[in-house]
Amino acid sequence: QVQLVESGGRLVQAGGSLRLSCAASGRTFSSSAMSWFRQAPGKEREFVAGITWNGASTDYGDSVKGRFTISRDNVKNQVWLQMNSLKPEYTAVYYCAAAPSRYIVRFRSEYDYWGQGTQVTVSS
């Protein structure tokens, strides 16, 4: 099992930057790909970014490519999401999730382990 706790969400102005953190515990963290999803009010939870178990490969949702960067440290058991050039439409609850494999999975239905989420609000 993996336990996940997100932090770093807050109110930020459009064009600003924010770094989200996800602290993980559990034996399987270092062998799991990790992802960030987000869910805005009235919308489905969507894939934002993913990183393989060893950090060698990353993947991003189309709307955040070039703006967001996902990274991880398997010694510190942490995953981060650096978010730059933020837009109001990025306002959502951001969730960290542990994938069921070493490789990135985009489909939220495949994930068993989620954090509680952290609120990001981008003002215009």
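Atom CZ of R19 and atom CG of N84 lie 11.0 Å apart (nearest 0.5 Å). Note that CD1 of I51 and OG of S57 are 9.0 Å apart. Values are rounded to the nearest 0.5 Å. Between the OG atom of S35 and the CD atom of E110 there is a distance of 11.5 Å, given to the nearest 0.5 Å. With values rounded to the nearest 0.5 angstrom, T121 atom OG1 is found 11.0 Å from R10 atom CZ. Here CZ of R38 is found 12.0 Å from CD of Q119. Values are rounded to the nearest 0.5 Å. Here R102 contributes atom CZ and S31 contributes atom OG; the two are 6.0 Å apart, rounded to the nearest 0.5 Å.
Both V12 and Y94 belong to a common hydrophobic cluster when Ile, Leu, Val, Met, Phe, Trp and Tyr are linked at side-chain heavy-atom distances under 4.5 angstrom. Taken together through direct or relayed side-chain contacts under 4.5 Å among Ile, Leu, Val, Met, Phe, Trp and Tyr, V105 and Y95 form part of one hydrophobic cluster.
Cation-pi check for R45 over Y111 is not met; the charged atom does not lie both under 6.0 angstrom from the ring centroid and within 45 degrees of its normal.
Using a 4.5 Å heavy-atom cutoff, the side chains of V2 and S25 are not in contact. I70 is not listed as a side-chain neighbour of Q82, based on a closest heavy-atom distance of 4.5 Å or more. At a threshold of 4.5 Å between non-hydrogen side-chain atoms, the residues W80 and L20 do not count as touching. F29 is listed as a side-chain neighbour of R72, based on a closest heavy-atom distance under 4.5 Å.
A donor-acceptor pair under 3.5 Å is absent between the side-chain atoms of T118 and the main chain of S7, judged by distance alone. One N or O on the side chain of E6 and one on the backbone of G117 form a donor-acceptor pair closer than 3.5 Å. Listed for the S85 side chain is no donor-acceptor partner under 3.5 Å among the backbone atoms of G15. In this structure, the side chain of T91 engages the main chain of V122 through a donor-acceptor pair within 3.5 Å. Between the R106 side chain and the Y60 main chain, a donor and an acceptor come within less than 3.5 Å of each other.
Between L81 and A49, the closest heavy-atom pair is CD1-CB, 4.0 Å. The minimum heavy-atom distance between P88 and S124, with the atom names listed, is CG-CB, 3.8 Å. C22 approaches M34 most closely through the heavy-atom pair SG-CE, 4.5 Å.
Clustering of Ile, Leu, Val, Met, Phe, Trp and Tyr side chains at separations under 4.5 Å places Y103 together with W53.
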Do F68 and Y90 pass the ring pair (Phe, Tyr, Trp, His ring centres under 6.0 Å) test, and can you show the C-alpha distance, the side-chain angles, and the key distance before you say yes or no? CA-CA 11 Å; F68 290 10; Y90 292 166; 5.3 Å; yes
Ring pair (Phe, Tyr, Trp, His ring centres under 6.0 Å), that's the test. Do F47 and F37 meet it? Break it down for me. CA-CA 4 Å; F47 175 82; F37 286 76; 5.7 Å; yes
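For R108, the salt bridge (Lys or Arg N to Asp or Glu O under 4.0 Å) test picks out E44, with sequence neighbours left out. With sequence neighbours left out, D62 forms a salt bridge (Lys or Arg N to Asp or Glu O under 4.0 Å) with K65.
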